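Below: one structure, written as structure tokens.
All figures in this text were calculated on a predicted structure; none of them were measured in a lab. Remember, it's 1-based here, ligands and their atoms both numbered in the order they're listed.
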Amino acid sequence: MTISTDTLHPDIRGVFLKDLEEDFRGIGEKAFRARQVFDWIYKKGATGFDAMTNLSPELRAKLKAKYSLAPPQVAAEHHSVDGTKKFLFSMTDREKVETVIIPSKTRATVCVSTQAGCKFGCKFCASGIGGWTRNLTAAEILTEILYAKAKSNLHPLSHIVFMGTGEPLDNYDNLMRAIRLINAPEGLGIAARRITVSTCGVIPKILQMATEGLQIELAISLHGYNDESRKVLMPVNKKYPMSDLIPACREYIKATKRQITFEYILIKDVTCSPEAVRELSLLFKGMICKMNLIPYNPVSEFDHKTPSREEMNDFVESLERAGIHATIRTPRGRDVSAACGQLRHEHQNAN
Ligand code: SAH
């Protein structure tokens with residue numbers, strides 16, 4: 001994604017309205033002009049100052065001298081037979097970032113990346129294979145979403161999931177800035193309840209998020225039923241073990257009065273055993289939560305197998321019998337490598 005052709009200037013997409021208003025007062029412009037700029041960016045999808053025809057040429061020149069606003073550069077675009085669209089953006093430093101639009105009958109969800117690469121190296125995920133390069137700025141995150149919004153006019157963009165490449169809570173400040181601008185009425189105006197942050201379990205940041213006063217949805221990538229089983233798949237479990245993660249989740253629920261979703265990968269002979277059901281039912285005792293089961297999406301670097309439909313259904317039934325509400329997430333866009341980090345990884349290998 002080329003966020004700016006002029007990297008000296010900060011991208012205006014990461015700026016809060018009150019700061020832009022302040023700025024406008026400082027340069028002798030009326031504060032309401034800042035709202036007009038927001039309107040152009042967030043409501044009308046402008047990707048350049050020259051489009052802002054109700055601003056004087058002088059003001060546009062002042063804006064250009066201080067900020068940048070450029071359309072993203074799309075390096076690849078794939079459309080799935082199921083309607084899922086995947087975009088690979090090329091940034092000024094040539095890093096690649098992927099974004100996925102997942103339409104339903106009447107609306108669309110965008111799956112957003114928060115980092116170029118990932119540090120956490122989960123043993124089933126394509127995002128971590130090439131390591132981590134850098135955090136995305138709030139402006140870059142917003143640009144992914146604004147582009148998706150412009151591309152989903154048939155299915156208006158209503159939901160945002162931070163489930164693309166990277167660990168959102170490892171880029172906390174930029175994530176929060178982006179979320180506040182997504183949420184703000186003068187920004188994208190998308191309700192917090194329609195924004196989901198998925199994390200591999202960065203405990204201090206989960207606890208910090210509980211104090212933000214935002215009604216966002218939290219999803220935890222659990223993928224194991226105890227510390228032993230989780231640490232095999234998720235190295236992060238050494239630093240933030242499940243035995244600390246679950247109490248932190250209970251604290252989060254208590255503080256926010258919100259339900260948590262636990263994501264749980266279904267890998268044949270690894271994660272869906274009777275032992276897993278027993279352990280999970282003990283783990284979730286008395287907790288307001290639900291489980292989202294994700295069939296393993298094959299990545300060639302790993303040896304795992306996806307269970308059969310029957311095995312997956314049996315697992316759901318055993319969970320239900322043990323009192324755990326679980327649903328299987330339908331995989332989308334498999335024909336366009338829509339699993340986490342797959343397209344980016346394939347592209348980097350090819351270059
Ligand atoms: N770093 C965040 C966001 C990751 S992507 C997190 O860990 O939650 C969103 C979900 O897709 C995570 O639950 C992740 O573990 C899962 N995932 C990654 N690769 C997968 C694969 N090959 N098959 C199925 N799910 C996968």
Side-chain angles (χ1 to χ4, degrees), residues 84 86 97-100 102 109-132 135-136 141 144 159-172 174-175 195-203 205-206 209 216-224 229-237 239-240 242 245 248-249 252 260-268 270-272 289-307 312 326-334 336-346:
T84 301
K86 182 148 196 165
V97 167
E98 56 186 80
T99 307
V100 185
I102 309 151
T109 297
V110 59
C111 178
V112 182
S113 295
T114 50
Q115 297 182 313
C118 185
K119 294 174 190 168
F120 291 85
C122 296
K123 304 282 181 241
F124 46 80
C125 179
S127 294
I129 296 170
W132 176 88
N135 283 334
L136 300 189
I141 295 170
E144 290 182 66
H159 289 69
I160 317 270
V161 294
F162 287 97
M163 295 187 181
T165 303
E167 168 50 46
L169 298 192
D170 188 44
N171 184 13
Y172 190 83
N174 293 345
L175 172 79
I195 304 170
T196 302
V197 172
S198 176
T199 177
C200 64
V202 183
I203 295 173
K205 297 296 171 190
I206 294 173
M209 215 164 79
I216 45 182
E217 299 291 325
L218 177 63
I220 306 278
S221 293
L222 196 63
H223 306 326
S229 65
R230 190 170 191 258
K231 76 175 182 222
V232 177
L233 293 174
M234 300 182 72
V236 66
N237 199 75
K239 185 157 186 197
Y240 299 121
M242 220 163 117
L245 177 61
C249 291
Y252 179 92
I260 286 183
T261 300
F262 287 96
E263 296 163 284
Y264 189 84
I265 195 163
L266 300 177
I267 302 177
K268 190 175 169 67
V270 177
T271 60
C272 15
C289 65
K290 57 183 177 194
M291 275 186 98
N292 206 330
L293 307 175
I294 318 174
Y296 168 64
N297 196 348
V299 174
S300 58
E301 277 77 1
F302 304 111
D303 289 335
H304 308 302
K305 301 258 175 312
T306 314
M312 294 197 272
T327 47
I328 300 178
R329 185 189 295 172
T330 323
R332 299 288 301 268
R334 282 210 165 175
V336 294
S337 309
C340 260
Q342 257 186 47
L343 184 63
R344 177 177 182 274
H345 176 57
E346 283 163 16

Does any non-hydrogen side-chain atom of L233 lie less than 4.5 Å from one of T271?
-> yes
Looking at CD1 of I265 and CZ of R329, how far apart are the two atoms once the value is rounded to the nearest 0.5 Å?
-> 10.0 Å
Qualifying residues under salt bridge (Lys or Arg N to Asp or Glu O under 4.0 Å), relative to K268, sequence neighbours excluded = E311
Spatial distance of atom CZ (F262) from atom CG (L222) [nearest 0.5 Å] = 6.0 Å
Close approach of H223 to ligand 1, heavy atoms, under 4.0 angstrom | yes
Side chain, backbone, both or neither: V299 near ligand 1, heavy atoms under 4.0 Å | side chain
Where ligand 1 meets C200 - atom numbers and elements under 4.0 angstrom, heavy-atom basis | 6 (C), 7 (O), 8 (O)
Just heavy atoms, cut-off under 4.0 Å: does M163 contact ligand 1 by side chain, backbone, both, or neither?
-> both
Of the side chain and backbone of T199, name the one, both, or neither that has a heavy atom under 4.0 Å from an atom of ligand 1.
-> backbone
Does Y296, backbone or side chain, put an N or O under 3.5 Å from an N or O of ligand 1?
-> no
Give the atoms of ligand 1, by number and element, whose distance to some non-hydrogen atom of I294 is under 4.0 Å.
-> 13 (O), 24 (C), 25 (N)
Provide the number and element of each atom of ligand 1 under 4.0 Å from a heavy atom of G166.
-> 1 (N), 2 (C), 3 (C)
Interatomic spacing from SG in C272 to OH in Y264 - rounded to 0.5 Å = 7.0 Å
Mark up the atoms of ligand 1 that fall under 4.0 Å of a heavy atom belonging to S221, in ascending order.
-> 6 (C), 7 (O), 8 (O), 12 (C), 13 (O), 15 (O)
For ligand 1, is any non-hydrogen atom under 4.0 Å from P295's backbone (N, CA, C, O), its side chain (CB onward), both, or neither?
-> backbone
Kindly write out the residues that satisfy side chain to side chain donor-acceptor pair (under 3.5 Å) with T261, not counting sequence neighbours, or none if the list is empty.
-> none
Quick check: does any side chain N or O of E98 sit under 3.5 Å from a backbone N or O of K86, one acting as donor and the other as acceptor?
-> no
Mind checking whether N297 has an N or O less than 3.5 Å away from an N or O of ligand 1?
-> yes
Any chance you could lay out the ring pair (Phe, Tyr, Trp, His ring centres under 6.0 Å) test for Y296 and H304, step after step, and finish with the verdict?
-> CA-CA 8 Å; Y296 168 64; H304 308 302; 5.3 Å; yes
Which is closest to atom 19 (N) of ligand 1 in terms of heavy atoms, P298, C125, S127, G201?
-> C125
